[in-house]
There are 4 protein chains.
Amino acid sequence: MVETVKPRRRQARGERRIAQLLDAAAKVFAAEGYVAATMNAVAAAAEVSPGTLYQFFPNKESMAEALAEQYLDALSVAQARGEGAEVLGVPLDDVINRMVDPAIEICLANPGFEPLFSWSDRLRTAVVERVDDIIARRVPEIDPSRRRLIATVTVRIFAAVLPQILATTGREQLEYTRELKRVLRAYLLDISD
Amino acid sequence: MVETVKPRRRQARGERRIAQLLDAAAKVFAAEGYVAATMNAVAAAAEVSPGTLYQFFPNKESMAEALAEQYLDALSVAQARGEGAEVLGVPLDDVINRMVDPAIEICLANPGFEPLFSWSDRLRTAVVERVDDIIARRVPEIDPSRRRLIATVTVRIFAAVLPQILATTGREQLEYTRELKRVLRAYLLDISD
Amino acid sequence: MVETVKPRRRQARGERRIAQLLDAAAKVFAAEGYVAATMNAVAAAAEVSPGTLYQFFPNKESMAEALAEQYLDALSVAQARGEGAEVLGVPLDDVINRMVDPAIEICLANPGFEPLFSWSDRLRTAVVERVDDIIARRVPEIDPSRRRLIATVTVRIFAAVLPQILATTGREQLEYTRELKRVLRAYLLDISD
Amino acid sequence: MVETVKPRRRQARGERRIAQLLDAAAKVFAAEGYVAATMNAVAAAAEVSPGTLYQFFPNKESMAEALAEQYLDALSVAQARGEGAEVLGVPLDDVINRMVDPAIEICLANPGFEPLFSWSDRLRTAVVERVDDIIARRVPEIDPSRRRLIATVTVRIFAAVLPQILATTGREQLEYTRELKRVLRAYLLDISD
DNA sequence: GATGAATGAGAGTTCATTCAT
DNA sequence: CATGAATGAACTCTCATTCAT
């Protein structure tokens, strides 16, 4: 009984550390981009020695992957809140809002998201698959390979406008967000026909 | 007298050299991306010593900028061929075709374009300005700051789908191209109203 | 009273631990060589944390020394079995057999021996002293400093052929062993005259 | 004509550098052993920046190989001086002298030899092949595989006594050298029968 | 005792850039 | 102009060792 606590403490310390390190990595990725980011910079940002980094992550890529995983989880959680089965009898605008808004919130809260989204095929593919799913539910009659095409383009559009949203604030940020939704609506309305 | 000839020859040789070096740079940027590309690799690709590179370009960035300039020129030439003042009485589809098709041709012919387009704000801004111009001519009543917004998003969308077009061939490439045009038409039609 | 028991248990446990750790060290030394072996690797091989290693050995060197000591003991035991005072009235071949065979058995059974034998002057010197002793008993009239020289060369020869014996198996191993004995006999016969 | 000189100068500079770097490497290998030697130490010993090292050698191993090659050449040259076809009608002692003496001279003059000889299978094998050759010429009736065995053991013996020769000076050095020859003679006489 | 996170110096290696030739 | 050797700071990653728990 006591013994189930002790290991937990150790793990807890480790997991806290991991979260802390990933946080630092996200900051550095955001500031420099994934390719230009260095492990030393991440270590410094985490106020930790380089060796500590390597106790948890064998290399830079693995940090990126862990971060990507974390973001995917966050996306799932955020989108699950407003989704459900109501993809069908609902206006397209609502579906778009319920996809885009939490995604942007996560990107704003996690500045590491955008550089990873550019870099990680895995992360992009995972998001594409979700969008593909939603399209499948809403427009079941569509051809799967065409659906994949549309999902891919949809995600690319999101990724394309995202940097503008992140680079701005206030009214301008809102405008870009509105514009993003406008593009998506126009594009996806065109599809449904 | 001799001096007016020799310099010309020198300049001519120099420009040939520059073109050759930029070609090599484009190849390396295409293969590795701008950040990962190394000057040594560019020198090797040009079959030239690193020192020679620095005789023409003070640093890596300046190579990128020179390349960007070159691409902008190519864009101008290509788009001038089919444009003119006929932005007005013409269907939107035609305008889009005359913008997108030559751009994609250039990107396919110059594999260094895409990495630079991601990297160089200057290149992207220049293209945004052209699109802004066209919109201004076609929809003069639109508010300039909103026009700039639309132009920016338009270019971002192009940049977003471009990698998919470049990464694929044949039918898939055509499909992505068609999809890109579809997005742009849907978005810009929405605007014009 | 309780206190005389507990410490013993503790010591017993400690010695078992030490044996276990030295075993792991031997394996790693054998696989990587002393210099390339890492304490982390030893800890992992012992299924123990690095900290535990340092509870018993202040540093890497001390592990090597403890292992060397252990091997020296094993050598003593093994050679005591067939030795005694019968160094005198006995053919040289027998003496060589009774020295070489147990030594090789120990080396085969303890793969950590060879790397340490190359590394540890102390281990080599101890063996040299034993050989010196035997020569002294068999050829008492020999000059001590010359005797030391011969003992040193004898041990070096053994150490030189040993890797070949350990690197091979079956017939080839036997051949190298026979060759080793042949060298030693030829050399030492030459001496006795 | 002038053009055949200019490139030579460049190459000459490079080759002089290479010789200089290999010299430094030899010193460091001699002082620390191959495994413990570091590229930074070699660079420092050559009074050169680490980068310069890597302009000529892609890694530590390649330095070792280049050095080994150089030593093999030196061995060839040295042994060619006193050898010829007179392996046959000549006393064994003479053959041994003509093999061992130049080898030891080289080892004394090139302190990098010994550590490499321990490390490089390639170097050892090359020397084994030479010895094999000589045995083949002198004792043609011997079975090739047994000949190889003998050559291997012979070289191992040389390598085994070598450190003692290098670690000592003056009379002691001479004694070890004499002892080495004694071992070899005794062993090889035993063979010829 | 045992753990494993933490350290930090240092290893090998790279690369933009400079400079003597 | 061209060369390629030279630089040195910076990078990724390792490892003997320490220390809080």
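Proteins get letters first, then strands, A, B, ... in listed order; numbering begins at 1 in each.
Between D:Met39 and D:Pro50 the shortest side-chain heavy-atom distance does not fall below 4.5 Å.
Residue C:Arg17 has a polar side-chain atom (N or O) positioned under 4.0 Å from OP1 or OP2 of E:dA2. Between D:Asn59 and E:dG12 there is no side-chain polar atom (N or O) within less than 4.0 angstrom of OP1 or OP2. Using a 4.0 Å cut-off, some side-chain N or O of A:Ser49 falls inside it from OP1 or OP2 of E:dT7. Residue B:Thr52 places none of its side-chain N or O atoms closer than 4.0 Å to OP1 or OP2 of F:dC1. Put simply, D:Thr38 has a side-chain N or O that comes within less than 4.0 Å of OP1 or OP2 on E:dG12. One finds no side-chain N or O of D:Tyr54 lying less than 4.0 angstrom from the OP1 or OP2 phosphate oxygen of E:dT14.
Between A:Trp119 and A:Tyr34, the ring-plane angle classifies as tilted under the 30° and 60° cut-offs. Using the six-membered ring where Trp is involved, A:Phe113 and A:Tyr71 have ring planes that are tilted, between 30° and 60° apart.
The CG atom of D:Leu53 sits 14 Å away from the P atom of F:dG8 (whole-angstrom rounding). What separates NZ of D:Lys60 from C1' of E:dT14 is a distance of 18 Å, to the nearest Å.
A:Ala37 comes within contact range of the sugar-phosphate backbone alone, with a heavy-atom separation under 4.0 Å but no base atom that close.
Which of F:dT3, E:dG12, F:dG8 sits closest to the side chain of D:Pro50 comes down to F:dG8.
Nearest-nucleotide positions on DNA chain E for A:Val48 and C:Gln55 put C:Gln55 closer to the 5' end. Nearest-nucleotide positions on DNA chain E for A:Leu21 and C:Phe56 put C:Phe56 closer to the 5' end.
Using Watson-Crick or G-U wobble geometry with both donor-acceptor distances under 3.5 Å, E:dT21 finds its partner in F:dA2.
A donor-acceptor pair under 3.5 Å links the side-chain atoms of B:Gln20 to the main chain of B:Ala46, judged by distance alone.
Between E:dG1 and F:dT21, the distance separating the two C1' atoms is 13 Å to the nearest Å.
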